[in-house]
Amino acid sequence: MREMIRLFVVVLLFSCVSGGLLAVVRSGTQERIEYQQLKFVKGPTIKQIMEGCSNDPLIDRFKIIDGDKERSFFVGVFDGKRNVVAFESFGKGFGGKIGVIVAVNLENDTIVGIGVTTHSETPGLGSRAKSEPDLSSQFTGLSINEPFKVTADDGKIDSISGATITSRGVCGAVVVSAGIYARLKTKIMEKVKA
Amino acid sequence: MAKTVVQEFTKGLWAEIPPFRLVLGLCPVLAVTKTVENGVGMGIATTFVLVCSNVLISLLRSTIPKQVRIACFIVVIATFVTVVELVMQAFAYPLFLKLGIFIPLIVVNCIVLGRAEAFAAKNGVVASFADGLGIGIGFTLSLTALAIFREILGSGTFTIPISSVSIPVFGPGFEPFTFMVEAPGAFVCLGLMLCIMNMLGKK
């Protein structure tokens with residue numbers, strides 16, 4: 001019995017030390033990892049839709065708790081004013097979730113630009129939502145509160161030929177982001193001004 | 001067992017070089033050696049884990065009870081692998097994206113556990129350090145050699161590690177020999193290299 005307890009205590013000690021060490025390493029690298037993920041996954045899209053801003057939106061970011069989720073917002077400075085925020089939302093595409101970053105002008109609630117971040121759409125068809133601007137550029141300048149739909153659903157967004165479901169997914173993501181925006185606008189304003 | 005530290009180190013570079021002599025840990029070998037960059041990255045990550053776990057296990061070898069030694073070894077190895085994973089995410093994120101699942105899989109790489117069980121648990125710290133470093137560098141060299149061979153034939157490029165720059169080797173007219181970058185191609189390459197090493201070894 002005593003032997004059993006000894007074995008148990010040794011393994012327990014090993015696990016505790018290991019767990020403690022990993023917690024230290026994790027807290028030491030967490031911030032950098034987050035930044036790296038932003039830089040390589042969302043970064044290129046954010047840079048693209050916020051072209052011309054005079055700050056680095058990846059650094060100038062904040063978080064707001066929305067229900068049980070925490071959402072990241074990226075601030076863009078245009079003409080010396082902090083007047084654009086970008087954030088990600090998801091729509092249902094053909095091969096899974098499509099991540100879409102939407103940048104909104106806080107002064108008049110219009111879309112500054114949208115861009116696809118992650119997707120698993122068909123290469124050559126749905127993937128053009130990310131690689132070509134035909135679809136995403138249609139959103140630029142419109143009000144965030146419009147009921148975005150593709151032409152096949154009596155909307156006014158021309159879908160990518162051969163990828164109606166993907167286009168619908170992108171529209172859906174923008175509609176979702178309009179909901180987030182409406183829900184959190186007051187909090188966003190507070191954070192941006194702070 | 002009157003081997004010197006230098007011998008413990010150099011045996012990993014030829015006499016017991018993994019995965020050719022010490023035919024263990026083939027899963028990552030076959031999977032990541034599509035490009036030179038991935039091969040080198042994987043080799044360095046494994047070397048780090050090997051050296052650290054060898055040293056620590058050697059230090060603790062009298063403390064660890066025999067009955068639970070494998071559990072303890074795995075805890076030590078898994079800790080270092082997670083450290084590598086976090087550090088790689090923080091400082092070499094694109095490489096982490098490419099190696100993906102194969103970084104956490106170093107935990108179950110037989111080379112690491114094999115060295116812990118067969119060497120570090122029975123030898124002193126300095127010898128274990130030399131052993132881990134030698135085997136690790138040997139592993140890195142083999143992965144690099146295999147990756148150079150496969151990448152040049154399979155994609156016609158040579159990716160310089162760290163910078164991620166791909167240099168075309170054969171010019172635009174080259175039709176890639178894609179078999180080489182697929183898993184069966186890795187087996188064939190490994191077999192051929194083992195064959196060449198055996199022929200050289202015979203002389």
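This structure is a prediction, so every number in the text was calculated from the model and none was measured. All chains are named by letter (A, B, ...) in the order of the sequence lines, taking the proteins before the strands, and each is independently numbered beginning at 1.
At a heavy-atom cut-off of under 4.5 Å, chain A is reached by no residue from residues 44-54 of chain B.
Proximity to chain B is limited to the side chain of A/E3, based on heavy atoms less than 4.5 angstrom apart.
B/R61 contributes a side-chain N or O that, together with a main-chain N or O of B/N123, makes up a donor-acceptor pair within less than 3.5 Å. Proximity of a side-chain donor or acceptor of B/E151 to a complementary backbone N or O of B/V36 within less than 3.5 Å is detected. Side-chain atoms of A/D56 come within 3.5 Å of backbone N or O of A/L58 as a donor-acceptor pair.
Of the listed residues (B/L97, B/T79, B/V68), the one with the most heavy-atom contacts under 4.5 Å to chain A is B/T79.
For the pair B/S142 and B/F20, the tightest heavy-atom approach, listed with the atom from each and the gap, is CB-CE1, 3.3 Å.
Ion pair B/E16/B/R115 flagged as a salt bridge, since at least one NZ, NE, NH1 or NH2 atom sits closer than 4.0 Å to an Asp/Glu carboxylate oxygen.
Within the 4.5 Å cutoff, side-chain heavy atoms of B/R21 are placed close to those of B/M197.
With ring centers used as reference points, A/F74 lies 6.0 Å or more from A/F87.
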